[in-house]
Structures are given as structure tokens and as C-alpha cells.
K.L.:
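Mind having a look at this structure? Questions to follow.
Side-chain atoms are counted along with the backbone in the values below, which use heavy atoms only and exclude waters and symmetry mates.
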Amino acid sequence: MALSRSAIHRRALITGRIINPDPVIAPPQGEIASIIVQARAENLDEVSASIAALAGCEVHAREPRGKLIVVADAPDSGALGSLLTTISLLPHVHTASLVFHAVHAG
């Protein structure tokens, strides 16, 4: 039974007659997240600068009463978790909450 390179036939797959299927290559991955940070309003500039100095972080929006929207990009979930912990431990930060998380192919 001749198989075309563009399609795998169901019967050939079930009976094990596919000898050289196309290799599956996983794409490079990364993690992207959105974090809401609450801080003291009078220290918002300092907190914003500290977050922007972290690798992979960008302050996307700010609310003058003490909230920042941060977009974070990390190579894996462990690095993303460390980044979230680092932000939550910054001086004048009350909370850092993960509100969106996705895996993306590079």
C-alpha cells in the first residue's frame, strides 16, 4: 500500500504499516502572563520602575490610586512563578495577582 507524504491513512496507522511518519518537532515554548499589582499610590512610580527593571516585565497600564497591569514573559512556568514572587516581595507592593497565563510557541 503506497502512502502519500501529505496524508496518513487510518488503516495504515492502525495496522502499523507506517514506517517513516513525519517527525513531530515541538516548537520552542514560553510563558506569558498578565499580573495586577497593587501598591501604595505614593510609591507607584518606584514600584513601576522596579518592575520595569526586571527581565521580561513590562508595565502595560497604571491606575493612579495604586494599581499596575504588568505583562510578563518567561521561558517556563518555574521562571514565571519566580518572577511573580519577586514582584510580590518588592517594597511597597501589597499584592501581585496572576490574572492571565498562556503558553505560546516562539
K.L.:
Taking side-chain hydrogen bond (donor to acceptor under 3.5 Å, both in side chains) as the test, write out the residues that go with Asp45, two or more places apart.
P.N.:
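By the side-chain hydrogen bond (donor to acceptor under 3.5 Å, both in side chains) rule, Asp45 matches Arg62.
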
K.L.:
Going only through I, L, V, M, F, W and Y residues with side-chain contacts under 4.5 Å, is there a path from Leu54 to Ile32?
P.N.:
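They do not share one cluster, since no chain of ILVMFWY contacts under 4.5 Å joins Leu54 to Ile32.
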
K.L.:
Applying a strict under-4.5 Å side-chain criterion to I, L, V, M, F, W and Y, I'd like to know whether Val71 and Leu83 cluster together.
P.N.:
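No.
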
K.L.:
Do you know which two heavy atoms are closest between Pro64 and Ala41, and how far apart they sit?
P.N.:
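Here Pro64 and Ala41 meet closest at O-CB, 3.6 Å.
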
K.L.:
Can any side-chain N or O of Thr85 pair as donor or acceptor with the backbone N or O of Gly81 at less than 3.5 Å?
P.N.:
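At least one qualifying donor-acceptor pair exists.
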
K.L.:
When you group the ILVMFWY residues by side-chain heavy-atom contacts below 4.5 Å and let the links chain together, are Ile87 and Ile36 in the same group?
P.N.:
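The answer is no; the residues belong to distinct hydrophobic clusters.
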
K.L.:
Taking side chain as C-beta onward, heavy atoms only, is His101 less than 4.5 Å from Leu80?
P.N.:
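Of all side-chain heavy-atom pairs linking Leu80 with His101, at least one is under 4.5 Å.
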
K.L.:
Nearest 0.5 Å please: distance from the OG atom of Ser34 over to the CD1 atom of Ile69.
P.N.:
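Rounded to the nearest 0.5 Å, the OG-CD1 separation comes to 5.5 Å.
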
K.L.:
As an exercise, state the distance from CD1 of Ile51 to CD of Glu46, rounded to the nearest 0.5 Å.
P.N.:
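So the CD1 of Ile51 and the CD of Glu46 are separated by 11.0 Å.
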
K.L.:
Between His92 and Val47, which heavy-atom pair has the shortest distance, and what is it?
P.N.:
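Scanning both residues completely, I find the closest heavy atoms to be CB-CG2, 3.9 Å.
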
K.L.:
Quick one: salt bridge (charged side-chain N to carboxylate O under 4.0 Å, His left out) pairs with a partner in residues 70-99, sequence neighbours left out?
P.N.:
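Pairs touching residues 70-99 that pass the test: none.
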
K.L.:
Can you see which heavy atom on Val59 is nearest to which on Ala52, and at what distance?
P.N.:
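Result for this residue pair: CG2-N, 4.5 Å.
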
K.L.:
Heavy-atom distance under 4.5 Å between the side chains of Thr95 and Val37, does that happen here?
P.N.:
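Of all side-chain heavy-atom pairs linking Val37 with Thr95, none is under 4.5 Å.
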
K.L.:
Applying side-chain hydrogen bond (donor to acceptor under 3.5 Å, both in side chains), name anything that partners His60, two or more places apart in sequence or on another chain.
P.N.:
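Expected list: none.
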
K.L.:
To the nearest 0.5 Å, tell me how far Leu68 CG sits from Cys57 SG.
P.N.:
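If I round to the nearest 0.5 Å, the distance is 11.0 Å.
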
K.L.:
Ser77 and Glu31: side-chain donor and acceptor closer than 3.5 Å?
P.N.:
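Absent: no donor and acceptor within the cut-off.
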
K.L.:
On a heavy-atom basis, which atom in Ala72 and which in Ile35 lie closest, and how many Å separate them?
P.N.:
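Taking every non-hydrogen atom into account, CB-CD1, 4.1 Å.
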
K.L.:
If I take atom OG from residue Ser97 and atom NZ from residue Lys67, how far apart are they, to the nearest 0.5 angstrom?
P.N.:
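If we round to the nearest 0.5 Å, Ser97:OG and Lys67:NZ are 10.0 Å apart.
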
